[in-house]
Enquirer: 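After the structure tokens below, expect a handful of questions from me.
Scope of the values below: all heavy atoms of this structure, side chains included, with no hydrogens, waters or symmetry mates. Every chain is numbered from 1, with letters handed out A, B, ... down the list of sequences.
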Number of protein chains: 2
Amino acid sequence: MEYQEAKDKFISTWGSLGTLWGINKAMAQIQALLFVSTKPLSMEDVMEDLKISRGNTSMNLRQLMDWGIVTKVLISGERKEFFTTEKDVQELARIIAKERSRREIKPVIKVLDEVSSIKDDGTEKTKELIKQTKALKDLTDDLDTLMNKLVNQKQNWLTKSVLKLMK
Amino acid sequence: MEYQEAKDKFISTWGSLGTLWGINKAMAQIQALLFVSTKPLSMEDVMEDLKISRGNTSMNLRQLMDWGIVTKVLISGERKEFFTTEKDVQELARIIAKERSRREIKPVIKVLDEVSSIKDDGTEKTKELIKQTKALKDLTDDLDTLMNKLVNQKQNWLTKSVLKLMK
DNA sequence: ATAAACTTTCAATAATTATTGAAAGTTTAA
DNA sequence: TTAAACTTTCAATAATTATTGAAAGTTTAT
């Protein structure tokens with residue numbers, strides 16, 4: 001497999017995986033492109049490489065910046081803006097986990113908490129709703145905490161030690 | 001908040017969360033409905049409660065069965081089929097983690113592995129592609145392993161001990 | 001101040017994904 | 001064996017989501 005083929009394969013795979021970590025295709029592809037690029041890219045560069053429109057590029061770069069995954073870099077002597085992504089995978093995972101927790105998991109925990117706190121009127125169906133949503137809330141809470149703790153360690157030692165523990 | 005309101009809120013929240021665990025809205029809502037129901041439901045019951053068509057119900061129940069989350073139950077004296085979902089959240093998480101790993105994560109790891117194994121032609125961009133996809137592959141591998149190990153413990157002790165370890 | 005270089009916005013459109021409903025298929029009771 | 005009860009399939013349609021491109025907006029150099 002040649003460089004270009006490998007690169008394209010990486011970008012399209014990472015793009016279609018976007019849903020798995022909660023972002024859209026173009027966003028994931030732009031991030032992937034920046035991730036394997038040796039230097040910051042301009043909007044023009046991204047448009048050309050991925051064959052997407054200027055508007056699309058602009059909007060998705062903005063979103064990536066909102067996530068904190070992509071940053072603008074100023075290149076002296078250049079008028080246009082250039083972009084890079086976080087290059088360290090551990091840090092990338094940390095940012096993504098934190099954002100997904102904040103945007104999606106925390107709000108769900110809140111709803112589960114509200115639902116599981118309704119007044120027990122003594123009927124079987126109410127008891128079941130309370131019991132099951134409570135169980136789901138506790139599990140989601142645990143997994144959210146675990147995920148954040150795991151990924152919050154900037155160093156690698158924790159992941160390694162946990163993996164070892166579980167072998 | 002009354003029973004019906006709480007139930008609807010749970011179902012719609014869980015439904016819109018579907019994407020987070022990789023299934024569609026109707027599928028997630030059907031699962032949620034069964035999850036808080038005190039007894040198995042027929043296709044008719046599901047259709048009525050969620051106000052979705054027969055075809056939609058049939059197709060999504062089938063998918064939930066493919067995932068191993070929902071099972072048919074035979075009720076003696078009844079001609080039609082009834083359905084229940086796994087009621088234990090730990091077991092539910094185990095099944096979901098296993099399926100997502102198999103369907104989505106494993107194939108991505110395979111591609112990352114292929115891409116990171118291309119011949120190093122000495123150019124900077126090839127070196128970067130190899131380095132970055134390799135790092136991503138290793139991380140994905142670790143997280144996949146961790147997730148499966150964590151969630152594979154049928155008992156609760158592991159999650160608890162890991163949470164304690166990290167406090 | 002102005003115009004060129006560049007970026008953002010957003011209504012229109014395209015692409016994708018979900019849903020319907022009715023016909024075809026299957027099972028069971030009599 | 002047949003017809004009623006029930007389930008599945010799938011082409012058509014609806015709903016949602018992503019993408020475009022051109023006009024409006026902004027910044028910078030002169």
Side-chain angles (χ1 to χ4, degrees), chain A residues 11-34 40-67 70-85 103-104, chain B residues 11-34 40-67 70-85 103-104:
Chain A
I11 290 173
S12 85
T13 303
W14 205 242
S16 63
L17 192 69
T19 49
L20 198 144
W21 52 291
I23 65 172
N24 74 32
K25 204 183 79 181
M27 225 175 125
Q29 289 189 342
I30 294 172
Q31 198 277 325
L33 173 62
L34 294 172
L41 301 181
S42 68
M43 227 168 72
E44 210 75 31
D45 294 334
V46 173
M47 288 169 60
E48 270 174 33
D49 200 299
L50 302 179
K51 277 132 185 68
I52 57 177
S53 72
R54 188 175 297 284
N56 203 1
T57 306
S58 170
M59 287 188 303
N60 284 106
L61 275 170
R62 145 74 72 141
Q63 281 209 77
L64 284 164
M65 287 189 286
D66 289 346
W67 271 70
V70 160
T71 44
K72 276 186 191 167
V73 303
L74 296 171
I75 293 190
S76 57
E78 285 279 7
R79 179 124 167 218
K80 57 187 148 201
E81 298 171 324
F82 288 77
F83 303 87
T84 9
T85 189
R103 293 168 191 240
E104 296 171 275
Chain B
I11 290 173
S12 86
T13 304
W14 205 242
S16 63
L17 191 69
T19 49
L20 200 145
W21 51 292
I23 64 173
N24 75 29
K25 205 182 77 182
M27 223 175 126
Q29 290 189 342
I30 294 172
Q31 198 277 326
L33 174 62
L34 294 173
L41 301 181
S42 69
M43 228 168 71
E44 209 75 30
D45 294 334
V46 173
M47 287 169 60
E48 267 173 35
D49 201 299
L50 302 179
K51 279 135 183 62
I52 58 177
S53 71
R54 189 176 297 284
N56 204 1
T57 307
S58 170
M59 287 188 305
N60 284 107
L61 275 170
R62 144 74 73 142
Q63 281 207 77
L64 284 164
M65 287 188 285
D66 289 347
W67 271 70
V70 161
T71 44
K72 277 186 190 167
V73 304
L74 296 172
I75 293 190
S76 56
E78 284 279 9
R79 178 122 168 220
K80 55 187 149 201
E81 298 172 324
F82 288 78
F83 302 87
T84 8
T85 189
R103 293 169 192 239
E104 297 171 276

Enquirer: Over how many whole Å does the gap from Leu74(A) atom CG to dT7(C) atom P extend?
Expert: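 Those two atoms, CG and P, are 12 Å apart.
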
Enquirer: Taking side chain as C-beta onward, heavy atoms only, is Gln63(A) less than 4.5 Å from Ile23(A)?
Expert: no

Enquirer: For a quick check under 3.5 Å, do Asp45(B) and Ser42(B) share a side-chain donor-acceptor pair by atom type?
Expert: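 The answer is yes; a qualifying pair exists.
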
Enquirer: Find which nucleotide of DNA chain D each of Arg79(A) and Lys25(A) is nearest to by heavy atoms, and output the residue with the more 5' nucleotide.
Expert: Lys25(A)

Enquirer: For dT28(D), give the paired nucleotide (Watson-Crick: N1-N3 plus N6-O4 or O6-N4; G-U: N1-O2 and O6-N3; both under 3.5 Å), or none.
Expert: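 Matched dT28(D) with dA3(C) under the 3.5 Å cut-off.
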
Enquirer: So Thr84(A) and Leu34(A), do their side chains get closer than 4.5 Å, heavy atoms only?
Expert: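 They are not in contact (no side-chain heavy atoms under 4.5 Å apart), so the answer is no.
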
Enquirer: Can you check the Gln63(B) CD to dT17(C) P distance for me, whole Å?
Expert: 13 Å

Enquirer: Taking C-beta and beyond as the side chain, do Met65(B) and Lys72(B) meet within less than 4.5 Å on heavy atoms?
Expert: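 They are in side-chain contact.
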
Enquirer: Considering only dC10(C), dT20(C), dT8(D), which nucleotide approaches the side chain of Met59(A) most closely?
Expert: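 Nearest to the side-chain atoms of Met59(A), counting from C-beta on, is dC10(C).
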
Enquirer: Calculate, to the nearest 0.5 Å, the distance between atoms CD and OG1 belonging to Gln29(A) and Thr13(A) respectively.
Expert: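 The OG1 atom of Thr13(A) is 9.5 Å from CD of Gln29(A), to the nearest 0.5 Å.
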
Enquirer: CE of Met27(A) versus P of dT19(D): gap in Å, rounded?
Expert: 12 Å

Enquirer: Do Phe83(A) and Gln31(A) have side chains that approach each other closer than 4.5 Å (heavy atoms only, starting at C-beta)?
Expert: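 Answer no - side chains too far apart.
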
Enquirer: Tell me: CG of Asp45(A) to C1' of dC6(C), nearest whole Å?
Expert: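 To the nearest whole Å, that distance equals 14 Å.
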
Enquirer: Side chain of Lys80(B) only, heavy atoms from C-beta on: which candidate in dT20(D), dT19(C), dC6(D) is closest?
Expert: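 It is dC6(D).
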
Enquirer: Among dT9(D), dT7(D), dT8(C), which nucleotide has an atom closest to any side-chain atom of Arg62(B)?
Expert: dT9(D)

Enquirer: Which whole-number value in Å describes the distance from Glu81(A) CD to dG25(D) C1'?
Expert: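 Atom CD in Glu81(A) sits about 13 Å away from atom C1' in dG25(D).
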
Enquirer: Write down the partner of dA11(D) under the Watson-Crick or G-U wobble criteria, each distance required to be under 3.5 Å.
Expert: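 With both distances under 3.5 Å, dA11(D) matches dT20(C).
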
Enquirer: Please report, rounded to the nearest Å, how far the P atom of dG21(C) is from the CE atom of Met43(B).
Expert: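 Rounded to the whole Å, the gap is 14 Å.
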
Enquirer: dT7(C) P sits how many Å from Lys72(A) NZ, rounded?
Expert: 8 Å

Enquirer: Residues of residues 50-57 of chain B with any non-hydrogen atom less than 4.0 angstrom from an atom of DNA chain D: list those, numerically ordered, please.
Expert: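 Result for residues 50-57 of chain B: Arg54(B), Gly55(B), sorted by number.
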
Enquirer: Atom CG of Leu64(A) and atom C1' of dT8(C): how far apart are they, to the nearest Å?
Expert: 16 Å

Enquirer: Could you measure the distance from the CG atom of Leu50(B) to the CG atom of Leu33(B)? Nearest 0.5 Å is fine.
Expert: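 Spacing of CG (Leu50(B)) from CG (Leu33(B)) equals 5.0 Å.
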
Enquirer: For Glu44(B), answer base if it contacts any base atom (sugar-phosphate contacts may also be present), sugar-phosphate if it contacts only those atoms, and nothing otherwise; contact means non-hydrogen atoms under 4.0 Å.
Expert: nothing

